[in-house]
There are 4 protein chains.
Amino acid sequence: MSVGLFYFYFKNKEDLLENLYDEITSMILGAIERGASSGDLGSMEKGCNVVVTIFVFFQTRRELAKVMLIEAVGLNPRFEQKRIEGLKKLLIGTEQNLEAFQKSGHINVPDVKVAAMAIHGATYQIIMNWLYEETPVNLTDLAYPLAQVS
Amino acid sequence: MSVGLFYFYFKNKEDLLENLYDEITSMILGAIERGASSGDLGSMEKGCNVVVTIFVFFQTRRELAKVMLIEAVGLNPRFEQKRIEGLKKLLIGTEQNLEAFQKSGHINVPDVKVAAMAIHGATYQIIMNWLYEETPVNLTDLAYPLAQVS
Amino acid sequence: MSVGLFYFYFKNKEDLLENLYDEITSMILGAIERGASSGDLGSMEKGCNVVVTIFVFFQTRRELAKVMLIEAVGLNPRFEQKRIEGLKKLLIGTEQNLEAFQKSGHINVPDVKVAAMAIHGATYQIIMNWLYEETPVNLTDLAYPLAQVS
Amino acid sequence: MSVGLFYFYFKNKEDLLENLYDEITSMILGAIERGASSGDLGSMEKGCNVVVTIFVFFQTRRELAKVMLIEAVGLNPRFEQKRIEGLKKLLIGTEQNLEAFQKSGHINVPDVKVAAMAIHGATYQIIMNWLYEETPVNLTDLAYPLAQVS
DNA sequence: GATGAATGAGGCTTCATTCAT
DNA sequence: TATGAATGAAGCCTCATTCAT
């Protein structure tokens, strides 16, 4: 796409990234919410499902993920705020899931907030490492070992 | 500090960050290594110690941490490589600790690498959240809940 | 020409000057070499031809000459070296011409190198003076009187 | 000398250079004038004397010459004007000498101005070459060959 | 007189954005 | 729609000069 055409379709660089970011965030958020409400599964299975869904999402979108998770970081204050807010939403989503699990007695953690951060951070880290690998392994292969850690 | 004075003390912007980064990385690396070799403690205690040491380190250096963990991200290709390499070293340190724990039968995880990423990511995430908080809680208060998750 | 456009066409300031300088130097060098090999002319005529060619070259390029001979001096070490090397080449060209004249018995000077410097310096000086004149005379009109001095 | 002390003795960088330049110019100008009025010598001898005097002056001041003839070129418009004016004075001095020689029938050139430029340029060039040499020859050794060219 | 840390205007360059075609 | 040359604000850095000691 030529430079000029880009500015025909998007207001500016931020605009494109914001659109993409909103889309991605809501997709992942959807996965998290669906994870919590998937009927008769145990908490462990639900949690795993969420992570697997996220991994599957990125698995087929490595270049997009690189842009959104690496290149889009620290771009400018305005977008940075949007990025942080997106991450917060995901964190809250994870937290709500954990709370439900906690209430139903499936898990028992001293601090749901901290647990959500830990799970979120662990997932994020595994994706980041996968993005930096020269010859990336199958991201979804990492879901089971990750689940076993928790 | 005036523009000129900065360049009197540092070769360029990168120079400052690289110096700081090297220092911080080796400090944290030291904590990780000391964690593994702290005598007669159990693995759990050792692991906790590492995390607590890291948290204590950042607790008293919030502004520095903001610069190194937020503002220094995506600065330029040269420094970005240094940053990634630093993170890799920390990851490897964690991995080596876990391997020792695994061998001594204290823990049992299917993939030490993934476990290291998870712990590293969880720790990183908690620090990041703490950095973004308006009125930060005591970072070290989060160490125990974090330990309980694992 | 806007700031940005300059860097669209040239890598940097040096790049423009280097390109121009190479071009000009090789043009003048060509004139010097052609001067020596212009068939059945006597040495005096050949020498005159060289100077006239150089003068004609600059006559129609006064502004360019101002940039290259005045503004480009002492710009920066890298370009300065290029400038000096260019001048050396011209000097060597003149020297080779004189050597040929000397061998063929047309001239008789105690030191060809010094003679080359003298001719080169005299020519250079006349061009410089012409560049600094408010209402410049015809540069080529100075070729004959210059030839008579030698 | 420390930076601060420099600005105690001189108003600014220009000030030092201007003072030096005035001094050098008047010294050389003196040599040129004395050359013309040195009693009962022939024109050739007088001319030679002038050049030799100039050469002797620089011979023992190579570093100073480097500063004034190389580094001081193109420094800034204000000093550049002073530099050009200095060179013009020298040129006029040479011209006056030549005019006297011409009147007394010792030389016969079609254009005294051009002749002055040629001599001035030749002398300048030889000094410049000497300044750029790694292992400089004796500058005064070049006076005789130079004289023979004319 | 003497020092060298501190200052900031100005230079070179980049890059997101605009505009003429 | 589509192009890519043109723009200029903003970033990094240098260096002549000043100032506190």
Side-chain angles (χ1 to χ4, degrees), chain A residues 1-21 67-68 70-80 82-83, chain B residues 1-21 67 71-80 82, chain C residues 1-21 67 70-80 82, chain D residues 1-21 67-68 70-83:
Chain A
M1 193 198 286
S2 73
V3 184
L5 199 52
F6 177 91
Y7 285 91
F8 183 81
Y9 283 124
F10 305 99
K11 214 176 66 202
N12 50 33
K13 257 183 103 184
E14 246 178 41
D15 190 47
L16 166 64
L17 285 176
E18 284 189 18
N19 284 346
L20 277 177
Y21 212 81
V67 172
M68 302 314 294
I70 297 177
E71 286 175 37
V73 177
L75 216 68
N76 67 51
R78 186 150 156 21
F79 182 70
E80 196 62 359
K82 174 142 221 141
R83 229 193 85 237
Chain B
M1 188 194 254
S2 73
V3 187
L5 194 53
F6 178 91
Y7 290 92
F8 183 76
Y9 285 121
F10 306 99
K11 218 177 62 208
N12 50 35
K13 269 182 109 185
E14 253 179 40
D15 190 47
L16 165 63
L17 286 176
E18 284 192 17
N19 285 347
L20 279 177
Y21 213 81
V67 172
E71 287 175 38
V73 177
L75 216 70
N76 67 50
R78 190 155 158 10
F79 182 70
E80 196 62 0
K82 175 147 220 138
Chain C
M1 188 194 255
S2 73
V3 186
L5 194 54
F6 178 91
Y7 289 93
F8 183 77
Y9 285 120
F10 307 99
K11 217 177 62 205
N12 50 34
K13 268 182 109 186
E14 252 179 37
D15 189 49
L16 165 64
L17 286 176
E18 283 191 18
N19 284 348
L20 280 176
Y21 213 81
V67 172
I70 297 177
E71 286 175 36
V73 177
L75 215 68
N76 66 51
R78 188 153 157 15
F79 182 70
E80 196 63 357
K82 174 145 220 140
Chain D
M1 194 198 288
S2 73
V3 184
L5 200 53
F6 178 91
Y7 286 92
F8 183 81
Y9 283 125
F10 304 99
K11 213 176 67 205
N12 50 32
K13 258 183 101 185
E14 246 178 41
D15 191 48
L16 165 64
L17 284 176
E18 284 189 19
N19 284 346
L20 278 177
Y21 213 81
V67 172
M68 303 314 294
I70 297 178
E71 287 175 35
V73 177
L75 215 68
N76 66 51
R78 187 151 157 17
F79 182 69
E80 195 64 356
Q81 182 151 358
K82 174 142 221 146
R83 229 193 85 238

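Proteins come first, then strands; the chains are lettered A, B, ... in the order of their sequence lines, and each starts at number 1.
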Any side-chain heavy-atom pair of A:Arg78 and A:Glu18 under 4.5 Å:
yes
What is the distance from CG of C:Asn76 to P of E:dG10, rounded to the nearest Å?
21 Å
Taking the side chain as every heavy atom from C-beta outward, state whether B:Phe79 and B:Lys13 have any atom pair closer than 4.5 Å.
no
Nearest whole Å is fine: how far is E:dC12 P from C:Leu17 CG?
11 Å
Phosphate-side-chain proximity, B:Tyr9 and E:dA5, N/O vs OP1/OP2 below 4.0 Å:
no
Taking Watson-Crick and G-U wobble contacts under 3.5 angstrom, with | marking pairs to another strand and [ ] crossing pairs, the secondary structure of DNA chain F is written .||||||||||||||||||||
Atom CZ of D:Phe8 and atom P of E:dG1: how far apart are they, to the nearest Å?
6 Å
Hey, does C:Asp15 have a side-chain heavy atom less than 4.5 Å from the side chain of C:Asn12?
yes
pair D:Leu17-D:Met68: side-chain heavy atoms closer than 4.5 Å:
yes
B:Glu80 versus B:Leu75: any side-chain heavy-atom pair under 4.5 Å?
no
Remember a base hit wins even if backbone is also touched, and classify B:Phe10 as base, sugar-phosphate or nothing at under 4.0 Å, heavy atoms.
nothing
Given protein heavy atoms under 4.0 Å, the one-letter contact record of nucleotides 11-21 of chain F, with B base, S sugar-phosphate only and - none, is simply -SBBBSBB---
Would you say B:Leu16 and B:Tyr9 make side-chain contact, with heavy atoms under 4.5 Å?
no
